[in-house]
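Along the sequence shown, residues carry numbers from 1. As the structure is a prediction and not an experimental result, all values here were calculated from the model.
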Amino acid sequence: MSSSWTPDESSETLLAEKGWLQGAVVGAVAYGIEVALYFMCFHLLFQQMNRTNYKKHLPPLIYIITTFILSTLFMVSLADFTQLAFIQYRDFPGGPNAFENIMFRLPVDSLGNVSGFLMIILSDGLVIWRCMVFSKGCMVPMWIIMFVPCLLYVASTAIGLMWLLQVTTNISYLSSTSINYTVPFLSFSLALNIIITIIIVLRLLTYRRRISKVFGSSYGTRYMSIAAMMIESAALYSTFSVAFLTLFLLNNPISATFIGALTQVQIISMLLIIFRATQGKGWSQDTMSRVMTSRPPVQVIRMDDFKHTLWDGSKTFAGSTGIGAHATYKKNDPSPAEAAV
């Protein structure tokens with residue numbers, strides 16, 4: 001095609017505009033996945049809810065409805081602002097890229113920024129809660145484990161508010177400062193998710209090693225498989241965020257492709273956690289007790305394994321759970337030694 005039809009813009013500007021438009025498409029694809037996960041979670045939660053357990057299922061139901069509404073508003077904002085830049089105001093001096101950099105305080109764009117901020121805060125709050133669930137019963141005090149994640153969460157929220165005011169208002173101090181709060185805000189959120197990812201994976205690996213030592217390597221894999229670790233630790237969002245921040249810090253225009261889908265990927269990670277928990281496959285406060293007290297497949301269990309695990313100072317099978325899952329059997333039940341014979 002004739003090169004004369006190409007806008008009179010630099011190659012960097014054209015690449016940034018391509019990244020923005022492609023990011024809107026990627027974000028729409030991620031939103032489609034999110035919609036499917038939302039209805040799957042809603043169906044399971046609503047199906048399981050009754051008069052006796054509604055207090056248990058109502059909070060996650062409200063959570064997914066809230067995040068779904070925010071995510072929908074974000075996509076509406078992204079689509080409308082993209083339409084303004086590429087269609088209605090295509091002749092704006094400097095092109096769509098200049099339109100985005102100058103007109104970012106338009107109400108429709110502010111709607112997307114507010115929705116995106118709230119989605120990140122809600123998602124980070126969920127991973128904080130999941131980390132607390134995994135940390136309960138650990139030999140290390142809860143406050144030591146949660147101190148850094150909670151500190152990062154408070155810092156991320158505070159800097160996020162500064163970023164939100166910077167991109168949605170005309171406050172003189174925030175408008176005139178050379179500080180771009182986008183990178184600190186997303187960096188703190190990313191650091192929080194990476195730390196929690198590491199904590200959860202280490203806890204699952206610890207549980208897996210101790211359970212395998214007693215019952216065999218195939219027992220408990222429902223909760224401690226590689227896929228379970230990836231979902232429970234929200235590793236999908238952490239990986240996506242690392243890719244975005246790396247490109248953003250390098251001033252690579254392709255980073256615009258990631259920003260449009262960043263919040264959607266985070267919500268997908270959260271919905272996967274909720275969907276897994278709703279199915280009964282996710283880790284909960286009584287999972288360790290349930291796994292340890294349930295009957296394993298028929299196999300020979302050596303008494304030395306029980307002795308080593310029970311008397312290693314923890315006096316429980318799990319060691320770090322604090323759950324007294326001792327080897328107790330009904331009077332008429334065969335003992336493990338008898339079962340082995």
Side-chain angles (χ1 to χ4, degrees), residues 6-7 9-37 67 70-90 92 94-104 106 108-120 123-124 160 163-164 166-167 180-191 193-194 230 234-272:
T6 303
E9 299 174 359
S10 66
S11 58
E12 292 79 10
T13 300
L14 289 176
L15 186 59
E17 292 172 359
K18 290 177 183 178
W20 175 12
L21 191 58
Q22 291 166 1
V25 175
V26 173
V29 172
Y31 177 72
I33 298 173
E34 181 188 329
V35 170
L37 282 171
T67 53
L70 290 172
S71 181
T72 301
L73 292 175
F74 179 84
M75 283 306 304
V76 169
S77 170
L78 178 62
D80 195 24
F81 192 71
T82 302
Q83 176 181 303
L84 289 176
F86 284 91
I87 299 176
Q88 288 180 251
Y89 300 105
R90 71 175 73 186
F92 187 88
N97 190 54
F99 182 85
E100 179 190 21
N101 293 330
I102 296 173
M103 307 300 291
F104 57 85
L106 286 176
V108 64
D109 197 38
S110 296
L111 174 65
N113 290 327
V114 172
S115 301
F117 168 75
L118 292 176
M119 284 192 290
I120 290 176
S123 299
D124 287 350
W163 167 80
L164 191 60
Q166 187 179 54
V167 298
N180 185 347
Y181 288 100
T182 304
V183 174
F185 171 43
L186 294 178
S187 297
F188 274 104
S189 178
L190 173 60
N193 280 271
I194 289 177
M230 293 291 290
L236 174 64
Y237 171 69
S238 298
T239 304
F240 199 86
S241 296
V242 168
F244 163 71
L245 275 179
T246 301
L247 293 171
F248 189 84
L249 292 173
L250 293 174
N251 290 322
N252 192 314
I254 299 299
S255 62
T257 304
F258 289 83
I259 191 65
L262 186 63
T263 53
Q264 306 294 351
V265 170
Q266 188 171 23
I267 296 299
I268 288 173
S269 298
M270 299 308 105
L271 288 175
L272 285 172

Q: From the options I120, T263, L118, select the one residue that forms a side chain to side chain contact (heavy atoms under 4.5 Å, CB included) with L70.
A: L118

Is the closest side-chain heavy-atom distance between [X] and [Y] below 4.5 Å?
X: F74; Y: F117; answer: no
X: K18; Y: T257; answer: no
X: L262; Y: I259; answer: yes
X: T72; Y: V35; answer: no
X: D109; Y: E100; answer: no

When rounded to the nearest 0.5 angstrom, what distance separates [atom1] in [X] from [atom2] in [Y]?
X: S123; Y: M270; atom1: OG; atom2: CE; answer: 5.0 Å
X: F240; Y: F258; atom1: CZ; atom2: CZ; answer: 5.5 Å
X: M119; Y: L73; atom1: CE; atom2: CG; answer: 8.5 Å
X: I268; Y: L236; atom1: CD1; atom2: CG; answer: 7.0 Å
X: I267; Y: T67; atom1: CD1; atom2: OG1; answer: 5.0 Å
X: W163; Y: N180; atom1: CH2; atom2: CG; answer: 10.0 Å

So which atom in [X] and which in [Y] form the shortest heavy-atom distance, rounded to 0.1 Å?
X: F104; Y: F81; result: CA-CZ, 4.4 Å
X: A24; Y: M75; result: O-CE, 4.5 Å
X: A16; Y: A256; result: O-CB, 4.3 Å

(Q) With no hydrogens and no angle check, just 3.5 Å: does a side-chain donor-acceptor pair link S238 and S241? (A) no

Q: Determine whether the side chains of E12 and N97 contain a donor N or O and an acceptor N or O closer than 3.5 Å.
A: no

Q: In sequence, state the C-alpha distance, the side-chain angles, and the governing distance for S110 and V167, and then conclude on side chain to side chain contact (heavy atoms under 4.5 Å, CB included).
A: CA-CA 7 Å; S110 296; V167 298; over 6 Å; no

Q: Could you label the plane-to-plane angle of the F99 and F92 rings as parallel, tilted or perpendicular, counting under 30° as parallel and over 60° as perpendicular?
A: perpendicular

Q: Let me see the working for Q264 and V29 under side chain to side chain contact (heavy atoms under 4.5 Å, CB included), right down to the final yes or no.
A: CA-CA 9 Å; Q264 306 294 351; V29 172; over 6 Å; no

Q: List in chain and number order the residues that pass ring pair (Phe, Tyr, Trp, His ring centres under 6.0 Å) with F248, two or more places apart in sequence or in another chain; answer none if no residue qualifies.
A: F244

[X] (side chain) donor-acceptor with [Y] (main chain) under 3.5 angstrom:
X: S269; Y: V265; answer: yes
X: S115; Y: L111; answer: yes
X: T82; Y: L78; answer: yes

Q: Go through M103 and Y89 one step at a time and tell me if the side chain to side chain contact (heavy atoms under 4.5 Å, CB included) criterion holds.
A: CA-CA 11 Å; M103 307 300 291; Y89 300 105; over 6 Å; no

Q: Let me see the working for Y237 and S189 under side chain to side chain contact (heavy atoms under 4.5 Å, CB included), right down to the final yes or no.
A: CA-CA 10 Å; Y237 171 69; S189 178; 3.6 Å; yes

